[in-house]
Trainee: 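Would you mind keeping the following structure in view while I ask a few things?
The structure presented is a predicted model; accordingly, all values stated were derived computationally and were not measured.
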Amino acid sequence: MQQRQRLKLLTYNIQVGIETSAYHHYFTRAWRHVLPCPTRQENLNRTAELLSEYDMVALQETDAGSVRSRYVNQVAYLAERAGFPFYWTQVNRNLGRFARHSLGFLSRYEPTDVEEARLPGRIPGRGTMLVRFGHGDDSLLVVVAHLSLGRRSRQQQLAFIRERIGDHPHVALMGDLNCGSADVIHASALRDTKLRGGSHGVASYPSWRPKRHLDHILVTPGLEIHHSQVVQHHTVSDHLPLAMELSLPDKLLLQTAPVKSN
């Protein structure tokens, strides 16, 4: 009997490479959100070292190339540094040379389709990526998102995602959802999808003294969870990364490819 294929997933809000280890840093280091800082590159290198251990990575709060990042597309940089052949950047709030707020997705497997969509909400600038591997019911659909802070906007955004995933049997929702898992699983439009995580209530924010469970990897029942955990990474962000290892169904087999893509 052939062993099911395993995947190692990670979601990480990297706060554009700004190290944060206390609440007062939001004020004393606020300038780093608009100007270059000397430690950002080192923080990205540390992050890339962590990412290199995974098969698929969802990134939030990246910069696609502006003054503050020294015009470096952070998703592309992390993909190259961590050895990922496939990566995508979705710019959701473009402030030109001052900031290009983005989502990112890195993969060791080539998807069959990548869809970018704008999320609804009172304040524009949120988006989602829907990345499909394979075809039909035997495909894997990975949804990457960074939801709004306000509950009403989040509910609208979760309803939008629910409409896009439909009744697909193999879904992984990854990202900073800015709420607890119960709000997604039991109190949103996604409640009938049977999404679940492997570590309910495990805190990932703030990184220096975690109290809130804001970062999630939630999957449908056809994906078998082996373990899920918050990774104790050096505080290069105000969030800690969340990891999950899972098995794919027998009919769902992903193939690596040597060709690099963007």
Trainee: Which label fits W88 and F86: parallel for a plane angle under 30°, tilted from 30 to 60°, or perpendicular past 60°?
Mentor: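 Because their plane-to-plane angle is under 30°, the rings of W88 and F86 count as parallel.
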Trainee: Quick one: do D192 and R162 make a salt bridge, cutoff under 4.0 Å?
Mentor: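 Yes.
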Trainee: Let me know which of V142, V171, V143 forms a side-chain contact (heavy atoms from CB on, under 4.5 Å) with L130.
Mentor: V143
Trainee: If you compare all heavy atoms of L50 against all heavy atoms of P241, which two are closest, and at what distance to 0.1 Å?
Mentor: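 Here L50 and P241 meet closest at CD2-CG, 3.7 Å.
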Trainee: Let me check something: do V16 and V91 share a hydrophobic cluster, defined by ILVMFWY side-chain heavy atoms less than 4.5 Å apart, either directly or through other members?
Mentor: no
Trainee: Rounded to the nearest 0.5 Å, how far apart are CZ of R4 and CG of L248?
Mentor: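 Here the rounded value is 8.5 Å.
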Trainee: Between N92 and H101, is any side-chain donor less than 3.5 angstrom from a side-chain acceptor?
Mentor: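 Not at all, the side chains of N92 and H101 share no donor-acceptor pair under 3.5 Å.
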Trainee: Look only at the side chain of R46 and the backbone of N43, and say whether a donor-acceptor pair between them is shorter than 3.5 Å.
Mentor: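 Checked: no pair found.
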Trainee: Find out whether Y26 and D238 are in side-chain contact, i.e. whether some heavy atom of one side chain is under 4.5 Å from a heavy atom of the other.
Mentor: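 A side-chain contact under 4.5 Å exists here.
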Trainee: Run the numbers on S247 and H226 for side chain to side chain donor-acceptor pair (under 3.5 Å), then give the verdict.
Mentor: CA-CA 7 Å; S247 287; H226 293 286; 2.5 Å; yes
Trainee: For the CD atom of Q60 and the OG atom of S237, what is their distance to the nearest 0.5 Å?
Mentor: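 The OG atom of S237 is 9.5 Å from CD of Q60, to the nearest 0.5 Å.
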Trainee: Locate the shortest heavy-atom distance separating P249 from G222; write the atom from each residue and the value.
Mentor: CG-O, 3.4 Å
Trainee: Within a strict 4.5 Å, meaning less than it, do heavy atoms of the R212 and S204 side chains meet?
Mentor: no
Trainee: Search all heavy atoms of L103 against all heavy atoms of H146 and return the closest pair with its distance.
Mentor: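 Minimum heavy-atom separation between L103 and H146: CD2-CB, 3.8 Å.
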Trainee: Please say yes or no: joined through hydrophobic side-chain contacts below 4.5 Å, possibly via intermediate residues, are L78 and V231 part of one cluster?
Mentor: yes
Trainee: With a 4.5 Å cut-off on side-chain heavy atoms, are H33 and I18 touching?
Mentor: yes
Trainee: Can you find a side-chain donor-acceptor pair between Y205 and D176 that sits under 3.5 Å?
Mentor: no
Trainee: Which heavy atom of A172 sits nearest a heavy atom of L9, and at what distance?
Mentor: CB-CD1, 4.4 Å
Trainee: Are the side chains of T11 and V57 in contact, using a 4.5 Å heavy-atom criterion?
Mentor: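 In short, these two side chains do not touch, never coming nearer than 4.5 Å.
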Trainee: Using 0.5 Å steps for rounding, measure from the CD1 atom of I123 to the OG atom of S148.
Mentor: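 Taking CD1 in I123 and OG in S148, the distance rounds to 7.5 Å.
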Trainee: With heavy-atom distances below 4.5 Å as the criterion, would you say the side chains of H216 and M174 are in contact?
Mentor: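 Contact flag for H216/M174 side chains = no.
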Trainee: Using the ring of F98 (Phe, Tyr or Trp, six-membered ring only), decide whether R68 places NZ or CZ under 6.0 Å from its centre and within 45 degrees of its axis.
Mentor: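 Not satisfied by the 6.0 Å and 45° rule.
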Trainee: For the side chain of T193 and the backbone of L190, is there at least one donor-acceptor N/O pair under 3.5 Å apart?
Mentor: yes
Trainee: For a side-chain contact (heavy atoms from CB on, under 4.5 Å) with M56, tell me which candidate from I217, L106, L254 qualifies.
Mentor: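 Going through I217, L106, L254 one by one, the side-chain contact (heavy atoms from CB on, under 4.5 Å) with M56 is satisfied by L254 alone.
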Trainee: With distance as the sole criterion, is a donor-acceptor pair present between the side chains of E19 and T39 under 3.5 Å?
Mentor: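 Judged by distance alone, the side chains do pair up.
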Trainee: May I ask whether F160 and L173 are part of the same hydrophobic cluster, defined by side-chain heavy atoms of I, L, V, M, F, W, Y residues being less than 4.5 angstrom apart, directly or through others?
Mentor: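 Looking at the clustering, L173 is in the same group as F160.
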Trainee: Take I161 and L119 through the test side chain to side chain contact (heavy atoms under 4.5 Å, CB included) and record every step on the way to the result.
Mentor: CA-CA 8 Å; I161 291 170; L119 288 173; 4.2 Å; yes
Trainee: Hey, could you give me the CG/OH distance between L44 and Y77, rounded to the nearest 0.5 Å?
Mentor: 6.5 Å
Trainee: Give, for atom CE of M244 and atom NE2 of H227, the distance between the pair rounded to the nearest 0.5 Å.
Mentor: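 Separation between the atoms: 10.0 Å.
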Trainee: Rounded to the nearest 0.5 Å, how far does CG of L147 lie from OG1 of T128?
Mentor: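 Taking OG1 in T128 and CG in L147, the distance rounds to 8.0 Å.
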Trainee: S228 and E245: side chain to side chain donor-acceptor pair (under 3.5 Å), yes or no, with the steps?
Mentor: CA-CA 6 Å; S228 178; E245 184 171 356; over 6 Å; no
Trainee: Which heavy atom of S153 sits nearest to which heavy atom of G121, and what is that distance?
Mentor: OG-CA, 3.7 Å
Trainee: Do Y23 and L214 belong to the same hydrophobic cluster, where Ile, Leu, Val, Met, Phe, Trp and Tyr are linked whenever their side-chain heavy atoms lie under 4.5 Å apart, directly or via other members?
Mentor: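 Yes, Y23 connects to L214 through the hydrophobic network.
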Trainee: Between Y87 and E80, does any side-chain donor sit less than 3.5 Å from a side-chain acceptor?
Mentor: no
Trainee: Please check if any side-chain donor atom of Q74 sits under 3.5 Å from a side-chain acceptor atom of D63, or the reverse.
Mentor: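 Their side chains do not contain a donor-acceptor pair, so the 3.5 Å distance test is not met.
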Trainee: With distance as the sole test, does R196 use its side chain to make a donor-acceptor pair with the main-chain N or O of L218 at under 3.5 Å?
Mentor: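 Not at all, since once roles are kept as given, no pair shorter than 3.5 Å links the two residues.
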Trainee: Does the side chain of R132 pick up a donor-acceptor pair with the side chain of S139 at under 3.5 Å?
Mentor: yes
Trainee: In the single-linkage hydrophobic clustering (I, L, V, M, F, W, Y; side-chain heavy atoms under 4.5 Å), do L223 and Y109 co-cluster?
Mentor: yes
Trainee: Passes side chain to side chain contact (heavy atoms under 4.5 Å, CB included), C179 versus R151? Steps please.
Mentor: CA-CA 8 Å; C179 61; R151 186 178 186 279; over 6 Å; no
Trainee: Heavy atoms, side chains only, cut-off 4.5 Å: are L240 and Q232 in contact?
Mentor: yes
